[in-house]
Colleague: 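Pasting a structure below so you can have a look.
Residue numbers begin at 1 in each chain, while the letters A, B, ... track the order of the sequences.
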2 protein chains.
Amino acid sequence: MTKINIKYLAEKLNMAPSTVSRALNDSYEISKATKEKVMALAKELNYQPNPYARSLRAHRSKTIGVIIPERINNFFAQVIDGIEEITQQYGYHLLVYNSHEDVEQEKKIISYLLGGRVDAIVMSVSSQTSSTEHLEQVLRQGIPIIFFDRIAQNIPTTKFITNDYQSGFDATMHLIQSGCRKIYFLLLSKEITIGKERLRGYLDAIKASNLPFLENWVIQCYQEEKKNLELIKSFLYPMDRPDGILSSVEKLAISAYHAIKQTKLRIPEDIKLITFSNLKIADLMNPPLSTISQPAYEIGRECAKLLMNNLNKSKQISIEDKVITIPSVIHVRSSSCS
Amino acid sequence: MTKINIKYLAEKLNMAPSTVSRALNDSYEISKATKEKVMALAKELNYQPNPYARSLRAHRSKTIGVIIPERINNFFAQVIDGIEEITQQYGYHLLVYNSHEDVEQEKKIISYLLGGRVDAIVMSVSSQTSSTEHLEQVLRQGIPIIFFDRIAQNIPTTKFITNDYQSGFDATMHLIQSGCRKIYFLLLSKEITIGKERLRGYLDAIKASNLPFLENWVIQCYQEEKKNLELIKSFLYPMDRPDGILSSVEKLAISAYHAIKQTKLRIPEDIKLITFSNLKIADLMNPPLSTISQPAYEIGRECAKLLMNNLNKSKQISIEDKVITIPSVIHVRSSSCS
DNA sequence: TTGTAAGCGTTATCAC
DNA sequence: GTGATAACGCTTACAA
């Protein structure tokens, strides 16, 4: 298999490589006749430009790095679909990494990307991420980085989130209106913004309703599903168990469902539940699961649009330090109804 | 931001670029003292090698292209997690593409990758893919390509599948043993192997049980969810509706659940259902969904291991033309029980 | 043990 | 309108 490159085409055509290159790039200084000849041969031999030679010269790779904390999750899958929808229109490629909610993994991924492998990064930080030194470094390298969902607040860049506070507030209010008086809040970590903000909404809703509250109603969960199952069961067994649960992350709601079934409690009769989630089959669950679902595709598309505009030298739209909020929609289903 | 490259390090250290390069690559011909000096400065300045310069020289990109027909699907997400688990140990990166079950899209993706952007491709073909000309071209370019789940049978390479025929057979037998006498089979396309093989298993099970069969019990569905919903409802309404459904793809089972609910039929009393699926919450559905689930992580890991071994020049394991079968597990749940 | 120089494939700059 | 040349950052013969 001979490698078909510009030099090879040039030889075949008795032209200089530079001419061929210009013809392929449809340069205005090349005659129509030449262009046609070049294009024809290129097509015939199925010439494909070497992306790495290009990247090396141009200092841009036409590649975006995407880092998510979890791959088996509809929300992140939808966001990536949204990103890809836009980026592919601009000929960009997606390097996708799963940090598995692990900061160390996240740091390693970031360090790979620092070498110029990607032109920009879109990410959702892991729930373990507290120090943001490794993220600051990305900016120092001059690589645009934007965040969505789980954002690094102190990094001066654009962040796309949903109305976490309001959704947390509304979901809690909904539970209260459904008759809950003792609502627990499940979260992965207080370190991350979505945890904090959704929690703040929850707390304010309880306060606004003049309901009692105890610190230990806020349950900090683990990464491991099994541990969470035990943790949740441990507070379901006692008589003074909660009558409502707001879960800030989908997978904790799933664990809660399992835990509740195992303790023979009934949803929603004994305990009501609502969760942040983009599960498509929430309505097919038993009972149908109430969700607060984010506009995931749109978040992905918006992230990508911003980057594409920024990377397009002619437009040179800068990436401002701001937070863009795209509201979620609460889907009330049986799991949270009285 | 000055770009920190080998030349820059060399200047700072009063050495030749080649020496720095060798030191960084821990070459045996460099003295320990030099190595240490170089490493120290590299670390201090946070030097990151330019991957594209490397790729250009080495003719390998340390990148694998992954093409899937659908991103919002646990099976594919798990496979990719499995691939990543292995490839990252070897310092490989994953370029992930969603073909959206569209051959044209698939061709476009392939053509991008032909330029040498990836060292190998792992893919599951779209259900529309009948001609495999674009896939053959990959091999002609000398790029290793391996398939999983939806394979291109006539391409001489290694393909990883599950025991599609047997699983189709067993699942159908299970429905028959649960009392079904009129089982419909849902598939995306007869073009693709998983459709064909699972169908063959289904047909043989019916034949082996001496049950009647009509051609129109095999339902070729669409890509669009809405159309499928109507299609399924159309055969559920009549009196002579099926009493069992075997779905060869997860999303068709979901549509079937919706359709059945809308027609007020009951699962499993009126109609029993089992599907190929890697849904993690099948047991939380209403009713719990019987599934044939593939060893997705393992498939991903095996794909990656084979490629890593093949790409490792020292081992130079060739990619044989063969089909490797990793069996699925049938999880019988209420949706298919009598 | 270290330095020199060439080349990977492309394109921008300068010349003709 | 087209050709020669250099350079992107890295590695590897070949020299020293």
Colleague: Could you verify whether a donor N or O on one side chain and an acceptor N or O on the other, from E70(B) and H100(B), lie under 3.5 Å apart?
Modeller: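 There is no such pair (donor and acceptor under 3.5 Å, judged by atom type) between the side chains of E70(B) and H100(B).
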Colleague: Heavy atoms under 4.0 Å, any strand shown: does S55(A) hit a base, just sugar-phosphate, or nothing?
Modeller: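 No contact.
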Colleague: Taking donor-acceptor contacts at under 3.5 Å, does the side chain of R22(A) reach the base of dT13(C)?
Modeller: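 Such a pair exists between side chain and base.
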Colleague: Respond yes when some side-chain nitrogen or oxygen of R54(B) is under 4.0 Å from OP1 or OP2 of dG9(D), and no when none is.
Modeller: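 So the side chain of R54(B) is outside the cut-off, no N or O lying under 4.0 Å from OP1 or OP2 of dG9(D).
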Colleague: Specify the separation, in whole Å, of atom CD1 of I6(B) and atom C1' of dT12(D).
Modeller: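 After rounding, the reported distance stands at 12 Å.
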Colleague: Rounded to the nearest Å, what distance is computed from the CD atom of residue E29(A) to the C1' atom of nucleotide dC14(C)?
Modeller: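 Atom CD in E29(A) sits about 11 Å away from atom C1' in dC14(C).
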Colleague: How close or far is atom P of dT12(D) from atom OH of Y28(B), stated in whole angstroms?
Modeller: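 Rounded to the whole Å, the gap is 11 Å.
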Colleague: Provide, to the nearest angstrom, the distance between the CG atom belonging to N25(B) and the P atom belonging to dA13(D).
Modeller: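 Distance, rounded to whole Å: 13 Å.
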Colleague: Look at the side chain of S21(B) and the backbone N and O of P17(B), then say whether any donor-acceptor pair between them is shorter than 3.5 Å.
Modeller: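 It does not hold such a pair.
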Colleague: Establish, with yes or no, whether the OP1 or OP2 oxygen of dG9(D) is under 4.0 angstrom from a side-chain nitrogen or oxygen of N5(B).
Modeller: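 N5(B) to dG9(D) OP1/OP2: side-chain N or O found under 4.0 Å.
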Colleague: Between S31(A) and dT2(D), is there a contact of a side-chain N or O with OP1 or OP2 at under 4.0 Å?
Modeller: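 It does, given that an N or O in the side chain of S31(A) lies less than 4.0 Å from OP1 or OP2 of dT2(D).
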Colleague: So which nucleotide from dT2(D), dC8(D), dC14(D) ends up closest to the side chain of L56(A)?
Modeller: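 So the side chain of L56(A) is nearest to dC8(D).
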Colleague: Using only heavy-atom distances, determine whether the side chains of Q128(A) and Q223(A) contain a donor-acceptor pair under 3.5 Å.
Modeller: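 There is no such pair between these side chains.
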Colleague: Classify the angle between the aromatic ring planes of F75(B) and F148(B) as parallel (below 30°), tilted (30 to 60°) or perpendicular (above 60°).
Modeller: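 Ring orientation, 0 to 90° scale: tilted.
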Colleague: If you pin Y47(A) and K35(B) to their nearest nucleotides in DNA chain C, which one's is more 5'?
Modeller: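 By nearest-heavy-atom nucleotide position, the 5'-most residue is K35(B).
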Colleague: Would you mind reading off the distance between K62(A) atom NZ and dT11(C) atom P, rounded to a whole angstrom?
Modeller: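 About 12 Å, once rounded to whole Å.
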Colleague: Rounded to whole angstrom units, what separation is found between the CG atom of N14(B) and the P atom of dT1(C)?
Modeller: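 Rounded to the whole Å, the gap is 20 Å.
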Colleague: Rounded to whole angstrom units, what separation is found between the CE atom of M15(A) and the P atom of dT2(D)?
Modeller: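 Going from M15(A) (CE) to dT2(D) (P), I get 7 Å.
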Colleague: In whole angstrom, give the distance that lies between atom CZ of R117(B) and atom C1' of dC8(C).
Modeller: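 Whole-Å distance recorded here is 17 Å.
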Colleague: Does R150(B) pair with E101(B) as a salt bridge, N-O distance under 4.0 Å?
Modeller: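 E101(B) and R150(B): salt-bridged.
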Colleague: Checking contacts here: which listed nucleotide (dT2(D), dT1(C), dG3(C)) is nearest the side-chain heavy atoms of T19(A)?
Modeller: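 Per side-chain heavy atoms of T19(A), the pick is dT2(D).
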Colleague: Within the 4.0 Å heavy-atom criterion, would you say S18(B) contacts the bases, only the backbone, or no part of the nucleic acid?
Modeller: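 Since a base atom lies under 4.0 Å of S18(B), the category is base.
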Colleague: So S21(B), base contact, sugar-phosphate only, or nothing? Heavy-atom distance under 4.0 Å.
Modeller: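 The answer is base, as S21(B) lies within the cut-off (heavy atoms under 4.0 Å) of a base atom.
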